[in-house]
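Before any comments, here is the structure.
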Amino acid sequence: MFVIRITGSTKQGLIVAAVVGFVIFDVVYIASLMNYAIQSEMNIYLLHAIAKLTKEKKYKHFDEAIKDINEADTYVDVLNGKTAAGTSLVIFNLSISAIVSLEQLDQLQTLTDPVALSRFSGSLSISVAILNAVLWISFVAFAFVQASRVTGACKSLLSCGAYVRARPFQYATVLQPDLDSFVLYSQASKMRAKLFGIPIFPWMVYLAAVLFPFTIIVLVKTNTYNLFSKF
């Protein structure tokens with residue numbers, strides 16, 4: 001049987017390596033989320049611009065509007081491709097990290113050693129675990145909010161078909177077949193931002209924003225994480 005003895009310098013080196021590794025992972029996560037956020041903002045700007053141009057009749061022909069909508073649809077598909085796949089993996093990893101942090105809070109309840117459960121070290125561990133969980137959850141929420149905003153912009157653009165079909169003053173002189181073709185094209189398009197291959201709608205974010213605080217309140221009221229009673 002071999003016994004591995006770790007000296008003080010070796011332990012410090014391992015701690016430094018672990019910290020550097022965590023920093024690298026965090027940088028990769030943030031870079032991936034920022035990439036998704038920037039592409040989402042560019043798509044939102046493009047979709048809103050096309051919707052504005054359509055409503056103000058800046059296009060000479062509907063064929064130009066349909067061409068721009070088709071181009072925007074292509075960009076949304078690109079966002080839903082490898083970018084969304086990478087972001088989904090990051091969201092999964094961050095969710096696991098948040099769950100692990102909450103699990104650490106639960107494990108602190110089982111500590112009975114007075115030395116390990118000193119006031120300073122216990123409070124510090126709780127603070128670090130809570131901050132980690134809040135950080136990871138914030139990153140996850142940020143990605144879903146961006147996806148829902150893209151879907152909202154897509155819906156706003158596609159609703160231009162109904163606006164045009166109502167034939168306001170700008171479109172009073174446009175031929176009926178041209179109006180019908182634009183309306184049919186806008187209704188047939190299915191532009192949606194996706195994460196994990198699932199379309200993300202704004203109502204999902206609103207529902208999560210309501211249920212998540214409610215869940216936290218329930219956990220606190222039921223003393224699921226009654227941690228500070230030990231300190």
Val145 side chain near Arg149 side chain, heavy-atom distance below 4.5 Å: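 They are in contact (side-chain heavy atoms under 4.5 Å apart), so the answer is yes.
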Quick one: does Ile91's side chain get under 4.5 Å of Phe144's, heavy atoms only?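 Counting from C-beta outward, Ile91 and Phe144 do come under 4.5 Å.
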Nearest heavy-atom neighbours spanning [X] and [Y]:
X      : Y      : value
Phe142 : Leu33  : CE2-O, 4.3 Å
Ser148 : Pro202 : O-CG, 3.6 Å
Met191 : Cys154 : O-CB, 3.3 Å

Going hydrophobic residue to hydrophobic residue with side-chain gaps under 4.5 angstrom, can you get from [X] over to [Y]?
X      : Y     : answer
Leu79  : Tyr45 : no
Val140 : Ile30 : yes
Val90  : Met34 : yes

Do Asn43 and Gln39 have side-chain N/O donor and acceptor atoms under 3.5 Å apart?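 Looking only at side-chain atoms, Gln39 and Asn43 do not form any donor-acceptor pair under 3.5 Å.
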From [X] atom [atom1] to [Y] atom [atom2], the distance as rounded to the nearest 0.5 Å:
X     : Y      : atom1 : atom2 : result
Ser88 : Asn80  : OG    : CG    : 9.5 Å
Leu46 : Ile69  : CG    : CD1   : 10.0 Å
Ile44 : Gln146 : CD1   : CD    : 5.5 Å
Leu89 : Leu94  : CG    : CG    : 11.0 Å

Is the backbone N or O of Thr83 less than 3.5 Å from a side-chain atom of Thr87, with the two atoms forming a donor-acceptor pair by type?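 It does hold such a pair.
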For [X], enumerate each residue passing the side chain to side chain donor-acceptor pair (under 3.5 Å) test, keeping only those at least two apart in sequence or located in another chain.
X     : result
Asp77 : none
Asp68 : Tyr59
Tyr75 : Glu71

Heavy-atom count around Phe196 CZ within 6.0 Å, excluding the residue itself: above 12?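 Counting other residues, nucleotides and ligands, CZ of Phe196 exceeds 12 neighbours.
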According to side chain to side chain contact (heavy atoms under 4.5 Å, CB included), who are the partners of [X], at least two apart in sequence or on a separate chain?
X      : result
Ile66  : Phe182, Tyr185
Phe201 : Thr151, Arg192, Pro199, Trp203, Met204
Ala147 : Tyr36, Ala193, Leu195, Ile200

